[in-house]
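Each remark here refers to the structure printed beneath this line.
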Protein chains: 2
Amino acid sequence: MDKLVQELVARKIRPSIQRVKILEYLINNRIHPTADQIFQHMQKEIPTMSKATVYNTLNTFLSVGLVRLLTIGGSEARYDINMTTHGHFKCESCGTVHDFTIDLEDCELGGLDDFTVEKRDVHFRGYCPRCSSNPGRSSKC
Amino acid sequence: MDKLVQELVARKIRPSIQRVKILEYLINNRIHPTADQIFQHMQKEIPTMSKATVYNTLNTFLSVGLVRLLTIGGSEARYDINMTTHGHFKCESCGTVHDFTIDLEDCELGGLDDFTVEKRDVHFRGYCPRCSSNPGRSSKC
DNA sequence: TCCCATAATAGACTTGTTCTAAATATATAA
DNA sequence: TTATATATTTAGAACAAGTCTATTATGGGA
Ligand SMILES: [Mn+2]
Ligand SMILES: [Mn+2]
Ligand SMILES: [Zn+2]
Ligand SMILES: [Zn+2]
């Protein structure tokens with residue numbers, strides 16, 4: 001818990017109970033959760049927490065580079081506490097998002113002369129091992 | 001116009017006036033438009049066309065692989081008639097989306113054993129040449 | 001302790017998209 | 001051709017993710 005507080009203080013974010021708990025959740029549940037998944041979980045820990053606080057907190061974390069935003073697939077945003085360079089795979093059957101390693105430096109690029117590239121995202125989609133081997137395509141993984 | 005009809009018939013899509021006009025727009029305006037941009041343009045051509053028709057048509061086109069869906073940046077979907085392999089760059093200043101060439105085959109990947117990869121998207125963000133050279137960051141490009 | 005700035009809260013609001021039910025258009029059958 | 005069935009369009013309601021607003025709570029410094 002103390003480590004979490006440090007993490008926030010180091011980034012000049014006041015370590016409110018709400019913020020610490022959300023940070024704790026992100027660190028312990030590396031499933032690229034949606035805001036709603038975080039909100040649902042928080043109801044157990046701090047039943048009074050509002051959805052606005054979840055969004056406020058995530059936006060605060062985003063602004064200091066504590067989390068990254070994934071917009072893979074569209075309708076809802078996902079949040080990732082893992083700031084290292086990596087790609088994301090989304091299973092079209094069960095919806096889970098998985099990390100993979102990729103080194104774009106090797107990659108042949110063209111058409112970006114004079115562009116200032118600041119962020120690079122790689123999104124793959126398809127079927128995860130469980131869904132690939134089970135043609136039933138349950139939607140539970 | 002006839003070519004457009006062929007394109008739709010070949011994919012077993014009934015070539016209604018609405019569908020042909022939307023296809024024509026996508027082919028002639030390769031700006032990765034949003035549904036609303038398409039709707040705005042259609043108001044000039046077919047003033048009675050409803051927004052639902054724009055969405056219905058785009059979803060029909062998506063289902064037969066005539067367009068691809070881009071969810072770069074989040075809030076609104078963009079549609080791309082260019083089905084060749086390429087990456088997308090979104091300017092954080094003016095919002096325009098640009099194509100670039102990339103060959104992911106060269107790329108060192110890890111952690112995707114037993115995954116069935118069906119779609120690959122590469123999204124870069126930053127500043128386009130015009131916005132890079134003009135620190136004013138106008139939002140018009 | 002009292003202040004003041006910051007944060008949390010509930011709910012209204014906005015926006016992009018889908019759904020629904022009715023009207024219209026097109027294809028097929030008699 | 002007319003009747004009937006099917007597919008498409010339409011307008012607006014409904015929905016969902018996320019933001020905004022106004023109010024209340026919190027917590028550190030004087
Ligand atoms: Mn990740
Ligand atoms: Mn493109
Ligand atoms: Zn799966
Ligand atoms: Zn630009």
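Every chain is numbered from 1 and lettered A, B, ... according to where its sequence line falls, protein lines coming before strand lines. Keep in mind it's a predicted model, so treat the numbers as computed, not measured.
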By salt bridge (Lys or Arg N to Asp or Glu O under 4.0 Å), B/R11 pairs with (sequence neighbours left out) B/E7

Bend of the helix from C/dT1-D/dA30 to C/dA30-D/dT1 from end-axis comparison, five pairs per end, nearest 10°, comes to 10°

Atom CD1 of A/I13 and atom C1' of C/dA8 are separated, to the nearest Å, by 16 Å

Paired with B/H32, the side-chain hydrogen bond (donor to acceptor under 3.5 Å, both in side chains) test is passed by just one of B/R68, B/R78, B/H88, namely B/H88

Sorted by chain and residue number, the side chain to side chain donor-acceptor pair (under 3.5 Å) partners of A/R30 (sequence neighbours excluded) come out as none

**Prompt:** Below 4.0 angstrom from OP1 or OP2 of C/dA25, is there any side-chain N or O of B/Q18?
**Reply:** no

Its contact letters, B for base, S for sugar-phosphate only and - for none at protein heavy atoms under 4.0 Å, make nucleotides 24-30 of chain D read -------

Stepwise side chain to side chain contact (heavy atoms under 4.5 Å, CB included) check, B/L23 with B/I81:
CA-CA 8 Å; B/L23 178 59; B/I81 192 85; 3.7 Å; yes

Whole-Å distance, B/F39 CZ to D/dT9 P, equals 14 Å

Rounded to whole Å, the CZ-P distance (A/F61 to C/dA7) equals 12 Å

Residue pairs passing the ring pair (Phe, Tyr, Trp, His ring centres under 6.0 Å) test with at least one member in residues 101-120 of chain B, sequence neighbours excluded, are A/F89-B/F115, A/H98-B/F115

Under a 4.0 Å heavy-atom criterion, the protein footprint on nucleotides 17-23 of chain D, written with B, S and -, is SBBB---

Here the distance between atom P of C/dT24 and atom CE of B/M49, to the nearest Å, is 17 Å

By salt bridge (Lys or Arg N to Asp or Glu O under 4.0 Å), A/E45 pairs with (sequence neighbours left out) A/K21

A/M42 CE to C/dT9 C1', in whole Å, measures 16 Å

Sorted by chain and residue number, the side chain to side chain donor-acceptor pair (under 3.5 Å) partners of B/E76 (sequence neighbours excluded) come out as none

Contacts satisfying ring pair (Phe, Tyr, Trp, His ring centres under 6.0 Å) that involve residues 39-68 of chain A (not counting sequence neighbours) are A/Y25-A/H41

For A/L70, the other hydrophobic cluster members (4.5 Å side-chain criterion, sorted by chain and number) are A/I72, A/V97

message = Any base atoms under 4.0 Å from B/S16, or only sugar-phosphate, or nothing? Heavy atoms, all strands.
response = sugar-phosphate

So the salt bridge (charged side-chain N to carboxylate O under 4.0 Å, His left out) pairs with at least one residue in residues 49-67 of chain A (sequence neighbours excluded) are A/D36-A/K51

A/I46 atom CD1 is separated from C/dT9 atom P, nearest whole Å, by 7 Å

Side chain to side chain contact (heavy atoms under 4.5 Å, CB included) filter on B/E92, not counting sequence neighbours, yields A/K119, B/R125, B/Y127

